[in-house]
Amino acid sequence: MKQALIVLIVWAISGSAAARGQGPTERESSALGSRVYKLEELTWPQIDAFDRQRTLFILPVGMIEQHGPHLPVGADTIAVTYEANGASTRVSRALPDWNVVMMPAVNYGQSGANRLGDMPIHPGTYAIRQSTLRSLVADLGGQIAQNGFKWIFVMNGHGAPTHNIALNEACDFVSEGYRVTMLHLTGLFRADAAIQARGEKINAKTFSVADLSSFGMDVHAGVGETSGILAIRPDLVASNYRTLPSQAGRSLEELRKIATAPGWQGYLSSPARATAAHGKAVEAWWIDGFTDLILRAVRGENMFVHARAPETVPAAVAPILEKELANEAAFGAKLENWLVQRSNR
């Protein structure tokens with residue numbers, strides 16, 4: 001009976017401590033093996049107790065889009081979430097006095113690869129407008145900033161130029177409007193010469209110069225992405241990837257020609273050449289790069305002076321994306337018109 005009473009007292013004390021906003025206990029943190037937390041699993045007093053100067057938030061942004069007949073439509077979200085989890089663990093080890101808060105991934109992005117094939121609507125793609133994506137990411141970052149936190153890092157798994165530009169703009173708005181640091185890490189990653197050089201070495205270890213040339217621009221559901229999903233979620237890769245013929249384009253114009261041909265299956269490059277071993281190396285490269293960029297930022301480097309990719313829409317796809325943005329604007333106007341008419345009923 002005495003022992004039970006002691007247990008109840010300890011439970012009451014720990015509960016009241018959490019209610020006072022003392023955050024996760026040391027025992028809870030050590031049980032996790034680090035100070036990495038899932039936002040959705042925390043109580044508000046725990047969040048409120050975090051040191052505003054030594055807490056960083058990571059927001060993964062993915063996409064739901066067709067990825068050929070062999071990869072899941074959530075491939076972008078699956079990959080970037082894996083990378084975000086890996087980077088969060090690495091950052092926590094490097095910054096043991098910091099809290100790392102993982103936000104739930106944004107599953108929906110803008111502009112699916114089906115647009116390359118002049119298919120605005122596709123059964124495998126569920127996208128949102130560029131303005132919606134920009135507002136969504138700005139909304140989330142703005143609320144983090146208004147709660148007094150200073151560090152927000154966006155990791156993005158989708159390559160569409162207008163999608164990436166929306167993320168750049170959302171991060172810049174929050175950074176400038178609230179005097180915090182909100183960075184689109186993927187844009188920095190793709191423009192960083194040293195990081196990209198390490199990626200080229202990984203490719204050269206696995207494939208010959210002739211192989212790499214034969215793959216063309218490996219930008220969607222090809223050898224790279226297929227290798228990545230084979231490494232992290234092989235159960236989601238259809239076995240038919242081994243028999244898919246190569247569809248190599250060495251310029252955006254050539255990719256457009258492939259994508260607009262009758263019967264395009266929604267992939268480029270050579271998924272049949274993919275391997276899990278290559279995917280593991282590529283995913284490690286992304287995790288290393290993201291970790292490096294975060295640590296450089298929190299240790300004082302001004303990341304806003306560095307280039308990001310893309311800064312502009314490539315000329316070869318500009319007409320497609322301009323048409324897409326016009327269609328999005330028309331959809332938005334239709335929605336607003338409907339709301340006005342509804343309010344007048």
Can you sort out the partners of [X] under salt bridge (charged side-chain N to carboxylate O under 4.0 Å, His left out), two or more places apart, ordered by chain and number?
| X | value |
| --- | --- |
| Arg273 | Asp211 |
| Glu301 | Arg296 |
| Arg129 | none |
| Glu324 | Arg115 |

Test your reading of the model: is there a side-chain donor-acceptor pair from [X] to the backbone of [Y], 3.5 Å cut-off?
| X | Y | answer |
| --- | --- | --- |
| Gln46 | Thr43 | yes |
| Thr206 | His278 | no |
| Trp285 | Ile195 | yes |
| Gln110 | Leu133 | no |

(request) Report whether Tyr241 and Phe207 are members of the same hydrophobic cluster (ILVMFWY, side-chain heavy atoms less than 4.5 Å apart, transitive linking). (result) no
Pairwise salt bridge (Lys or Arg N to Asp or Glu O under 4.0 Å) hits with a residue in [range], at least two apart:
| range | result |
| --- | --- |
| residues 147-176 | Arg134-Glu169, Asp172-Arg308 |
| residues 217-237 | Arg233-Asp235 |
| residues 52-65 | Asp48-Arg52 |
| residues 248-264 | Asp118-Arg256 |

(request) Applying side-chain contact (heavy atoms from CB on, under 4.5 Å), name anything that partners Ala307, two or more places apart in sequence or on another chain. (result) Ala191
(request) Could I get the full list of side-chain contact (heavy atoms from CB on, under 4.5 Å) partners for Ser246, not counting sequence neighbours? (result)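 Ser246: side-chain contact (heavy atoms from CB on, under 4.5 Å) contacts with Ala248, Ser270.
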(message) Give me the atom names and distance for the closest heavy-atom approach of Ala221 to Gly266.
(response)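 Closest approach of Ala221 to Gly266: CB-O, 4.1 Å.
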(request) Show which residues join Val219 in its hydrophobic cluster (side-chain heavy-atom contacts under 4.5 Å, direct or indirect), or state none. (result) Leu116, Met119, Ile165, Met217, Leu252, Leu255, Ile258, Trp264, Leu268, Val313, Val317, Ile320, Leu321
(request) Using the test ring pair (Phe, Tyr, Trp, His ring centres under 6.0 Å), find all partners of Phe57 that sit at least two apart in sequence or belong to another chain. (result) Phe149
(message) Classify the ring geometry of Trp286 against Phe290: parallel below 30°, tilted from 30° to 60°, perpendicular beyond 60°.
(response)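 Trp286 vs Phe290 ring planes: tilted.
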(request) Fit a plane to each ring of Tyr267 and His70, take the angle between them on a 0 to 90° scale, and name the class: parallel (under 30°), tilted (30 to 60°) or perpendicular (over 60°). (result)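 Perpendicular, since the angle between the ring planes exceeds 60°.
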(request) Would you confirm whether the ring centroid of Phe50 sits within less than 6.0 angstrom of the ring centroid of Trp98? (result) no
(message) Could you tell me if the side chain of Thr77 sits less than 4.5 Å from the side chain of Pro60, heavy atoms only?
(response) no
